[in-house]
Amino acid sequence: MNPLVPPPFIDIQEVAHAFAQTDSHTSLQVLTKTSLSIRKGELISFIGPSGCGKSTLLNVMGGLLKPQAGKVLLEQHEITSPSPKRIAYVFQENALFPWNTVLENITVGLTFQNIPKNEHLERATKALSDVGLLDFAHHYPDEISGGMKQRAALARALSLESDIILMDEPFAALDEQTRMVLGEDLSILLSKTQKTIVLVTHSLGEAVFLSDRVAVFSARPGTIKEIIEVQEDHPRKSDFVTSEKFNGLRNQLYSLLHEEVKKTLSSEATLKN
Ligand SMILES: Nc1ncnc2c1ncn2[C@@H]1O[C@H](COP(=O)(O)OP(=O)(O)O)[C@@H](O)[C@H]1O
Ligand SMILES: [Mg+2]
């Protein structure tokens, strides 16, 4: 290693994984030799055909899954188990407890992580205010919209004050307008914090709008096929979406993905025949 070049913040080194198939004695190779360096404070998106291993890689990064080969280093230490104080997770299903209010959902999370009780209210209030949900602190999940639930899930992750957030299709269940507004809010939030975010998304527009870099995955067995840089300051303005630059990047992503999705569909057809 060159001593003049600082080591990467997160270093994914040749991660490969296969899952045993329950209905046969075969295994399914999901990821092959995937390597990526992630910079501190950036937002990087993972985009790729369904089933190419994006969530699997995120689970390895979160310490939830040990890969069959390779490893992920965080500041030069291998990630081997979950550590929510450093790495928080936001899933597609927001997994709020329906019997707790929004505020309680956050403080329950803090209790799980053994955060001292006297810090709970302050942390929860700050996180709710950061996502614009303070007025709904005492509502139950059933009483708020889908977009608000995802904000609450994000607030729960923020309240842990981890410096890394892994988001697995957090906006997938929402309608396009809500996603757009949440995306703009996230961009504003990011510009205020130094958090490092890894976002799995299916939306090309969302990837371009939010990311500093977009990693495009190949068809399964997945690996990173190409990385696109989006050089645009945060917070991104809504007029970025109508710019030539935005559309150029989106089209570039579309053609990269199109090839991979076609490969996925033709291999599925072969499997069925
Ligand atoms: N725990 C598991 N056991 C067996 N197969 C799995 C498991 N988790 C994921 N898979 C399979 O691995 C492939 C990749 O899954 P995943 O990483 O979730 O893909 P993506 O998030 O890119 O859509 C899929 O075909 C999925 O069915
Ligand atoms: Mg997934």
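Both counts, for ligands and for their atoms, begin at 1 and track the order of listing. Quantities reported herein were computed from a predicted structural model and do not represent experimental measurements.
Salt bridge Arg213/Glu42: present, at least one basic N to carboxylate O contact under 4.0 Å. The pair Glu14-Lys71 does not count as a salt bridge, with every side-chain nitrogen at least 4.0 angstrom from each carboxylate oxygen.
Ligand 1 has no N or O atom lying under 3.5 Å from any N or O atom of Val30, backbone or side chain. Below 3.5 Å of separation, one finds no N or O of Ala20 facing any N or O of ligand 1. For the pair Lys54 and ligand 1, the shortest N or O to N or O distance falls below 3.5 Å.
Proximity of atom 13 (C) of ligand 1 to the protein is indicated by at least one non-hydrogen atom lying closer than 4.0 angstrom. Distance check on atom 21 (O) of ligand 1: some protein heavy atom falls below the 4.0 Å cut-off.
Using a 4.5 Å heavy-atom cutoff, the side chains of Leu166 and Leu199 are not in contact. Residues Met167 and Ile165 are in side-chain contact: their nearest non-hydrogen atoms beyond the backbone lie under 4.5 Å apart. Under the 4.5 Å side-chain criterion, counting only non-hydrogen atoms from C-beta, Phe46 is not in contact with Val216. At a threshold of 4.5 Å between non-hydrogen side-chain atoms, the residues Leu154 and Leu189 count as touching. Proximity of Ile47 to Leu204: side-chain heavy atoms (C-beta onward) are separated by under 4.5 Å at one or more points.
Near Ser50, the atoms of ligand 1 lying under 4.0 angstrom from a non-hydrogen atom of the residue are 23 (O). Annotation for ligand 1: atoms under 4.0 Å from non-hydrogen atoms of Arg220 are 24 (C), 25 (O).
From the protein, the heavy atom lying nearest to atom 6 (C) of ligand 1 is Phe19 CD1, 3.3 Å. Among protein heavy atoms, atom 15 (O) of ligand 1 sits closest to Thr56 OG1, 3.8 Å. Among protein heavy atoms, the minimum distance from atom 23 (O) of ligand 1 is reached at Gly51 N, 2.7 Å. Regarding atom 27 (O) of ligand 1, its nearest protein heavy-atom neighbour is Leu28 CD2, 4.9 Å. Annotation: atom 18 (O) of ligand 1 to nearest protein heavy atom, Ser55 CB, 3.5 Å.
Residue Phe112 belongs to a hydrophobic cluster whose other members are Phe97, Trp99, Val108, with links defined by side-chain heavy atoms closer than 4.5 Å.
Heavy atoms of Cys52 come nearer than 4.0 angstrom to ligand 1 in at least one pair.
The number of protein N/O/S atoms found under 2.8 Å from the Mg ion (ligand 2) is 1.
Criterion: ILVMFWY side-chain heavy atoms under 4.5 Å apart, direct or through other members. Under it, Ile106 and Leu121 are part of a common hydrophobic cluster.
Glu260 and Ser218 make their closest contact through OE1-CA, 3.3 Å (heavy atoms, listed as atom of the first residue, atom of the second, distance).
With Lys195 contributing its side chain and Lys40 its backbone, the two residues share no donor-acceptor pair below 3.5 Å.
Taking the ring centroids of His138 and Phe136, they lie at or beyond the 6.0 Å cut-off.
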